[in-house]
Structures are given as structure tokens and as C-alpha cells.
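Down below is the structure, laid out as C-alpha cells.
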Amino acid sequence: MALIACKECKVQISDAAPMCPQCGVAHPALTGTGQVTILRQARTTGSFHPVQVIVDGEQVGELRDGGRITLDLAQGTHVVEVAG
């Protein structure tokens, strides 16, 4: 294990720490962004109507059968909804 700076308060902590003992932030070693891909399967029987993809309360696009959306999201917890 190595010591790293917490992403929030910059105190030195273990890179394996699940929470910063100084400020309490979860996953203090994780920083940056990641990609999420949302796919809609193509169906021969079913709706041809697009569905809205909503992330954290904001519409980010629409998907039709066989469609795909790739998003860059900050690391952490996000709410993903699909509304038709």
C-alpha cells in the first residue's frame, strides 16, 4: 500500500482506504472520469418509439432500437433513468 493525498482535503492516507479519516469523503483515492455505455437492444417485435435517457435528472439523449449512448461521467454514484 502507498500513501496518497485525499482527493478532497489532501491529507496523506492509504491508497486502499475506503473513506478519508480526516474529512470523511468516500473513496478518497478515486479521481477523474469514466465512460458508461447504455445500449438498447434491437427488437423485431416491439416499439419503434425512442426512449429518453436521463442521468442525474438531466436528459442526455434518446435511444431507438439498436441504439447506443456513451457518456463520460465523473466517478461516483449516478441515477440513470429510461423513460418511454
Side-chain angles (χ1 to χ4, degrees):
M1 284 189 268
L3 289 179
I4 58 158
C6 169
K7 66 182 179 185
E8 291 294 320
C9 69
K10 308 301 182 219
V11 72
Q12 292 292 302
I13 58 168
S14 166
D15 63 351
M19 152 186 258
C20 177
Q22 178 73 26
C23 69
V25 70
H27 309 291
L30 297 178
T31 59
T33 63
Q35 282 193 334
V36 175
T37 300
I38 302 168
L39 305 171
R40 182 175 180 188
Q41 289 183 326
R43 304 262 184 196
T44 55
T45 60
S47 174
F48 293 103
H49 300 287
V51 294
Q52 297 176 349
V53 178
I54 302 162
V55 177
D56 297 333
E58 183 176 326
Q59 184 177 342
V60 295
E62 291 185 342
L63 286 176
R64 297 186 183 278
D65 283 356
R68 157 190 310 229
I69 294 177
T70 300
L71 305 169
D72 290 319
L73 298 175
Q75 290 185 357
T77 302
H78 299 277
V79 176
V80 178
E81 303 170 71
V82 177

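Throughout, numbering of the chain's residues begins at 1 and tracks the sequence.
Applying the under-4.5 Å side-chain rule to Ile, Leu, Val, Met, Phe, Trp and Tyr, the cluster around Ile4 extends to Val11, Ile13.
Residues passing the side chain to side chain contact (heavy atoms under 4.5 Å, CB included) test with Val25, sequence neighbours excluded: Cys6, Lys7, Glu8, Cys20, Cys23, Pro28. Here Thr37 pairs with Thr70 under the side-chain hydrogen bond (donor to acceptor under 3.5 Å, both in side chains) rule; sequence neighbours left out. Ile69 is linked by a side chain to side chain contact (heavy atoms under 4.5 Å, CB included) to Val53, Leu63, Leu71, counting only residues two or more places apart in sequence or in another chain. For the side-chain hydrogen bond (donor to acceptor under 3.5 Å, both in side chains) test, residues two or more places apart in sequence or in another chain that qualify with Gln35 are Asp72. For Gln41, the side-chain hydrogen bond (donor to acceptor under 3.5 Å, both in side chains) test picks out Arg43, with sequence neighbours left out.
Residues Leu39 and Val36 fall into different hydrophobic clusters, defined by Ile, Leu, Val, Met, Phe, Trp and Tyr side chains chained together at heavy-atom separations under 4.5 Å. In the hydrophobic cluster analysis, where Ile, Leu, Val, Met, Phe, Trp and Tyr join through side-chain heavy atoms closer than 4.5 angstrom, Val60 is grouped together with Ile38.
In plain terms, the two heavy atoms of Arg40 and Arg64 that are nearest each other are CD-O, 3.6 Å. Closest approach of Gly24 to Met19, counting heavy atoms only: O-CE, 3.4 Å.
One N or O on the side chain of Asp56 and one on the backbone of Val79 form a donor-acceptor pair closer than 3.5 Å.
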